[in-house]
Asker: 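What follows is a structure written as structure tokens; I'll ask about it next.
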Amino acid sequence: MGEAVPTTLFLNAAQTVTCAGPGRARRGAEMAEAGVVAGAGVAVQGERIVAVAPDDALRRAYPNAAAIDCGRRLLAPGFVDSHTHAVFGGARFAEQELRASGVPYMDIARRGGGIHSSVRDLRARSDDELLTLTEARLGKLAAGGVTTIEVKSGYGLSVHDELRTLRIIARLAGGGPWRLVATCLGAHEIPLEYRHRPGGREAWIETLCTELYPQVAAEQLAAFADVFCEPGVFTVDEARRLLTAARGYGLLPKLHADELHDGGAALLAAELGAASADHLAAISPAGMSALAASDTVATLLPATMLFLGTGRQAPARPLIEAGGAVALASDFNPGTSPLQSFPLVLTLGVSQLRMSAAEAWIAGTVNGAAALGLAAVTGQLAVGYRADLAIHDVDDYRELPYWFGERLCTGSWMDGRACHVTP
């Protein structure tokens, strides 16, 4: 444990949540082990963690290291928000009132609201305006201790505007205090201009397969392709075709799966070996069994179902008890989850999904990373991992989901570089 390069020590934490373990998704009973220890600090050299040990041992090993005093607060991995739609223009607060009056989500979409409202708005805005709006939103997520964020396209719904969205994400990835992972969600909906013409549905699917995906791959604009597989949007057969085509260009599959109705999307995710199947509030018992037997991460988005007022949530406990790997994410978007505070997702994981605090921590770190193919890179405080850390103003890991709505992150670091520090 020598000092070949400058070392920074994180010391004097009340507790340290390490989430240490194998560099893969944690499944079933493994999710209950968050690796919480007292009196442990972390040594960072450059972008990597080089030691996790008692404070005194770190001081002896690195006598010339700079030190960051955690102030008897909680030291933890940076959160991984593995499902967001952060690139959009304006808010859609009018839809909240419509839903409150009894208008269903899909009816709002059929009226030209929902996703199509955001499509019209995004197309009318400049790149610089969208970049400025998105940068501010990502900053709010980062201020809650998030260091890795997945960002989807999907409000462009033309080849031009989908590529434009992904290029904006690429610009943001190079300039902010976060790690961004881009997903191509051109299959978010059938564009209205295609929907209202003969053969338009097939034409849009063909456009995605033969025009959008090849260009995304050629410019290396995304790691994943996603499809909103839901009755009334894209069918299972259409999603299979789209994701098979995307995979041919090196884009790994993800799915918006069984959010409002059981359409068999979770079964498809397991069949395709998708990185994740997301939402799952309407998943069938067969879908749960298939995911539990697969390597696909079940990414649950409890803020969405709360905001929609459906009165139901994804079956986290049955998924975990079946041996599945469950992640939690914000689904940050303008219509159904305008949430920019990731710790509240942990609160909902505990209070709405009946997860333990340890399970919620694993779901928001290691398993979120696994949903992005990054479980060997980030999500835990362990030797060799990226130095993605956060300090929270609590002294017990169970308190962060308990004090819901509070801004408790006092500092975060990504690759060893400070993202934000609150005095």
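As a basis for the values below, the full set of heavy atoms in this structure was taken, side chains included, without hydrogen atoms, waters or symmetry mates.
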Asker: For the atom pair CG (L344) and CZ (R407), what is the distance rounded to the nearest 0.5 Å?
Answerer: 9.5 Å

Asker: Taking only residues two or more places apart in sequence, or in another chain, which ones meet Y385 in a ring pair (Phe, Tyr, Trp, His ring centres under 6.0 Å)?
Answerer: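 By the ring pair (Phe, Tyr, Trp, His ring centres under 6.0 Å) rule, Y385 matches no residue at all.
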
Asker: Only pairs at least two apart or in different chains count here, so list each salt bridge (charged side-chain N to carboxylate O under 4.0 Å, His left out) that has a residue in residues 211-223.
Answerer: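 Output for this query lists R167-E219.
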
Asker: Which value, rounded to the nearest 0.5 Å, describes the distance between S330 atom OG and L301 atom CG?
Answerer: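 CG of L301 is found 8.0 Å from OG of S330.
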
Asker: Which residue pairs pass the salt bridge (charged side-chain N to carboxylate O under 4.0 Å, His left out) test with at least one member in residues 139-160, sequence neighbours excluded?
Answerer: E150-K152, K152-D226

Asker: Return each pair, listed once, that meets salt bridge (charged side-chain N to carboxylate O under 4.0 Å, His left out) where at least one residue sits in residues 366-391; pairs must be two or more places apart or across chains.
Answerer: E47-R386, R179-D388, R386-D415

Asker: Strictly by salt bridge (charged side-chain N to carboxylate O under 4.0 Å, His left out), give each pair with a member in residues 76-92 just once, sequence neighbours left out.
Answerer: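 Sorted pair list: R92-E95.
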
Asker: Sequence neighbours left out, what passes ring pair (Phe, Tyr, Trp, His ring centres under 6.0 Å) with F342? Give chain and number order.
Answerer: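 Result, ring pair (Phe, Tyr, Trp, His ring centres under 6.0 Å) vs F342: F79.
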
Asker: List the residues meeting side chain to side chain contact (heavy atoms under 4.5 Å, CB included) with R171, not counting sequence neighbours, and say none if there are none.
Answerer: D127, D128, L131

Asker: How would you list all residue pairs meeting ring pair (Phe, Tyr, Trp, His ring centres under 6.0 Å) that involve residues 200-242, not counting sequence neighbours?
Answerer: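 Counting only pairs at least two positions apart or across chains, the ring pair (Phe, Tyr, Trp, His ring centres under 6.0 Å) contacts touching residues 200-242 are Y194-W204, F228-H256.
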
Asker: Please list all pairs passing the ring pair (Phe, Tyr, Trp, His ring centres under 6.0 Å) test where one or both residues lie in residues 125-171, with sequence neighbours left out.
Answerer: Y155-H188

Asker: In this structure, are over 12 heavy atoms from other groups packed under 6.0 Å from E399 atom CD?
Answerer: yes

Asker: Do L122 and R164 pass the side chain to side chain contact (heavy atoms under 4.5 Å, CB included) test, and can you show the C-alpha distance, the side-chain angles, and the key distance before you say yes or no?
Answerer: CA-CA 10 Å; L122 181 141; R164 193 162 70 95; 3.7 Å; yes

Asker: Determine all donor-acceptor pairs shorter than 3.5 Å in which one atom belongs to a side chain in residues 262-283; sequence neighbours excluded.
Answerer:
from, atom 1, to, atom 2, distance (Å)
D262, OD1, G264, N, 3.2
E271, OE1, R240, NH2, 3.1
E271, OE2, R240, NE, 2.9
S276, OG, K254, NZ, 2.8
S276, OG, D278, OD1, 2.7
D278, OD2, H83, ND1, 2.7

Asker: List the steps and the verdict of side chain to side chain contact (heavy atoms under 4.5 Å, CB included) for C184 and L166.
Answerer: CA-CA 7 Å; C184 176; L166 291 168; 4.1 Å; yes

Asker: With a 6.0 Å cut-off (strictly less than), is the heavy-atom count around CD of E202, excluding the residue itself, greater than 12?
Answerer: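 Enclosed.
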
Asker: Hey, does Y402 have a side-chain heavy atom less than 4.5 Å from the side chain of V350?
Answerer: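 Not touching, per the 4.5 Å side-chain cut-off.
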
Asker: Just list the side-chain donor-acceptor pairs under 3.5 Å for residues 308-327, sequence neighbours left out, or say none.
Answerer:
from, atom 1, to, atom 2, distance (Å)
T310, OG1, R312, N, 3.3
T310, OG1, R312, O, 3.2
R312, NH2, L260, O, 2.5
Q313, NE2, P302, O, 3.0
R317, NE, E321, OE2, 3.1
R317, NH1, R354, O, 2.9
R317, NH1, E359, OE1, 2.8
R317, NH2, E359, OE2, 3.0

Asker: List for me each residue that meets ring pair (Phe, Tyr, Trp, His ring centres under 6.0 Å) alongside F307, sequence neighbours excluded, and say none if there are none.
Answerer: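 Listed in chain order: nothing, the list is empty.
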
Asker: Within a reach of under 6.0 Å around CZ of R123, are more than 12 heavy atoms found that belong to other residues, nucleotides or ligands?
Answerer: yes

Asker: Working to the nearest 0.5 Å, report the span between CE of M355 and OG1 of T347.
Answerer: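 Rounded to the nearest 0.5 Å, the CE-OG1 separation comes out at 12.5 Å.
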
